[in-house]
Amino acid sequence: MNKFKERLLKGEQLIGFEVDLAEPCISEMAAACGFDFIWVDTEHQAQDYETVLNQIIACKAGGAASLVRVPQNEPFLAKRVLEMGPDGIIFPNVNSAAELQKAMDACLYPPLGKRGFGPKRACGYGRIPLDEYIKEAPDAMCRFAQIEHIDAVNDLDNMLKVKGCDGFIVGPCDLSGSIGLLNQTKHPKVVELMKTVIAKCQKVHKPIGVAAAYAGADDIRFWKDLGFQFISSGTDTAAIIDRCKEQVKVMSEIFN
């Protein structure tokens, strides 16, 4: 089984970092700093397929799992990412059991799903015997769906029955927006929705995480205390900007 998936299913608390810039060296550096996983984003960022492949390779070199978020829940957008052999794939804005089934069908080979066959890096470029690869494919990577809308919360009981999904990830900002409270991620109504998701996932022992891009220490404690098992927090762009601001402040004080 995929080592990251094994740790996840054991209930370990895992920490991650989001890489938005199309530079694999950043993923390698961040991975080597000790994160359990690197969130490689293609939903909102300008990363093409070749860059994503290099990001996955860089994560492995740095010692962290690679989780790639595709732009949308469409099989043709996921297929080439799956062939690259990431440690996990993330489908954004999945709002119903039917939509989740569509995502899982795209990830799993028949008879479990409808994925077309043509693995590349995922099977070691042919080094792994295909019969062995096919047998191990379901456990070779994690499949995640993001809960980012009130509709998903309302249909979560049915979504939890869909086979093949290894865990869910709450997107607090979009979830807040779906009830007219965009970016008010700690509003009591939004928190109550997140508590509902966490409780239902915990009841059936389904891993539940959160993507909190710009969270500081207090925010991270908030998410952890709320009950999330794994957290992606921080981005490469934010880290660079914060460090540059610090450096400008130091240098300006010295030169002035």
Side-chain angles (χ1 to χ4, degrees), residues 1-14 16 36-37 39-43 65-79 81-116 122 134-172 174-175 178 193-194 196-211 227-232:
M1 181 181 288
N2 172 300
K3 290 183 179 179
F4 175 81
K5 183 171 181 176
E6 185 176 6
R7 295 179 65 195
L8 185 78
L9 297 181
K10 283 182 178 179
E12 291 188 35
Q13 295 184 326
L14 305 171
D36 298 306
F37 65 93
W39 177 303
V40 180
D41 191 59
T42 71
E43 183 186 12
S66 55
L67 307 186
V68 180
R69 178 164 67 174
V70 294
Q72 191 175 347
N73 182 15
E74 289 294 345
F76 78 93
L77 293 173
K79 183 178 290 186
V81 172
L82 293 167
E83 312 302 28
M84 298 175 193
D87 294 290
I89 188 168
I90 303 167
F91 291 89
N93 207 32
V94 179
N95 297 328
S96 68
E99 291 181 10
L100 181 58
Q101 186 63 63
K102 176 182 177 181
M104 296 304 102
D105 281 344
C107 293
L108 297 166
Y109 294 119
L112 300 176
K114 301 177 181 178
R115 178 181 172 185
I134 292 170
K135 181 180 179 181
E136 296 177 352
D139 287 330
M141 65 176 299
C142 292
R143 297 167 291 275
F144 296 106
Q146 281 198 272
I147 304 295
E148 302 183 274
H149 197 280
I150 182 64
D151 290 347
V153 180
N154 291 336
D155 200 38
L156 186 56
D157 288 331
N158 292 321
M159 293 173 71
L160 286 166
K161 298 175 183 177
V162 176
K163 296 181 179 180
C165 182
D166 296 302
F168 293 94
I169 301 171
V170 171
D174 281 330
L175 181 59
S178 75
L193 289 177
M194 291 190 288
T196 296
V197 172
I198 292 168
K200 289 188 176 185
C201 287
Q202 289 179 340
K203 185 177 180 180
V204 297
H205 307 290
K206 183 71 69 173
I208 177 69
V210 66
F228 288 110
Q229 178 190 341
F230 60 106
I231 298 174
S232 173

Sequence neighbours excluded, which residues qualify as ring pair (Phe, Tyr, Trp, His ring centres under 6.0 Å) partners of Phe168?
->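 Applying ring pair (Phe, Tyr, Trp, His ring centres under 6.0 Å) to Phe168 gives none.
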Distance-minimising heavy-atom pair for [X] and [Y]:
X      : Y      : answer
Ala145 : Cys165 : N-SG, 4.3 Å
Pro71  : Pro92  : O-CG, 3.6 Å
Arg7   : Gln229 : O-NE2, 4.5 Å

Check Asp36, Leu14, Val210 against Phe230 for a side-chain contact (heavy atoms from CB on, under 4.5 Å) and give me the one that passes.
->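 Among the candidates, only Leu14 passes.
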Taking the side chain as every heavy atom from C-beta outward, state whether [X] and [Y] have any atom pair closer than 4.5 Å.
X      : Y      : value
Pro86  : Val81  : yes
Cys107 : Leu82  : yes
Phe228 : Met194 : yes

State whether the side chain of Arg115 and the backbone N or O of Pro75 hold a donor-acceptor pair below 3.5 Å, judged by distance alone.
->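 Such a contact is absent between Arg115 side chain and Pro75 backbone.
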Side-chain (Asp166) to main-chain (Phe144) donor-acceptor, under 3.5 angstrom =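 A pair under 3.5 Å: no.
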Taking it one step at a time, do Leu108 and Lys163 satisfy side chain to side chain contact (heavy atoms under 4.5 Å, CB included)?
-> CA-CA 10 Å; Leu108 297 166; Lys163 296 181 179 180; over 6 Å; no
Considering only NZ, NE, NH1 and NH2 on the basic side and carboxylate oxygens on the acidic side, decide whether Lys5 and Asp87 come within less than 4.0 Å.
->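 The answer is no: the pair does not qualify as a salt bridge.
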Do the charged groups of Glu6 and Lys10 touch, with an N to O distance under 4.0 Å?
->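 A salt bridge is present here (some side-chain N lies under 4.0 Å from a carboxylate O).
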Straight-line distance of [X] [atom1] to [Y] [atom2], nearest 0.5 Å:
X      : Y      : atom1 : atom2 : answer
Ile231 : Ile208 : CD1   : CD1   : 11.0 Å
His149 : Asp155 : NE2   : CG    : 12.5 Å
Leu160 : Lys203 : CG    : NZ    : 10.5 Å
Ile169 : Ile90  : CD1   : CD1   : 4.0 Å
Lys161 : Gln101 : NZ    : CD    : 13.5 Å
Leu193 : Ile198 : CG    : CD1   : 11.0 Å

For Arg69, what residues pass the salt bridge (Lys or Arg N to Asp or Glu O under 4.0 Å) criterion, not counting sequence neighbours?
->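 Asp41, Glu43.
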For Ile147 and Val153, run side chain to side chain contact (heavy atoms under 4.5 Å, CB included): C-alpha distance rounded to whole Å, both residues' side-chain angles, the deciding distance at 0.1 Å, then the answer.
-> CA-CA 7 Å; Ile147 304 295; Val153 180; 4.0 Å; yes
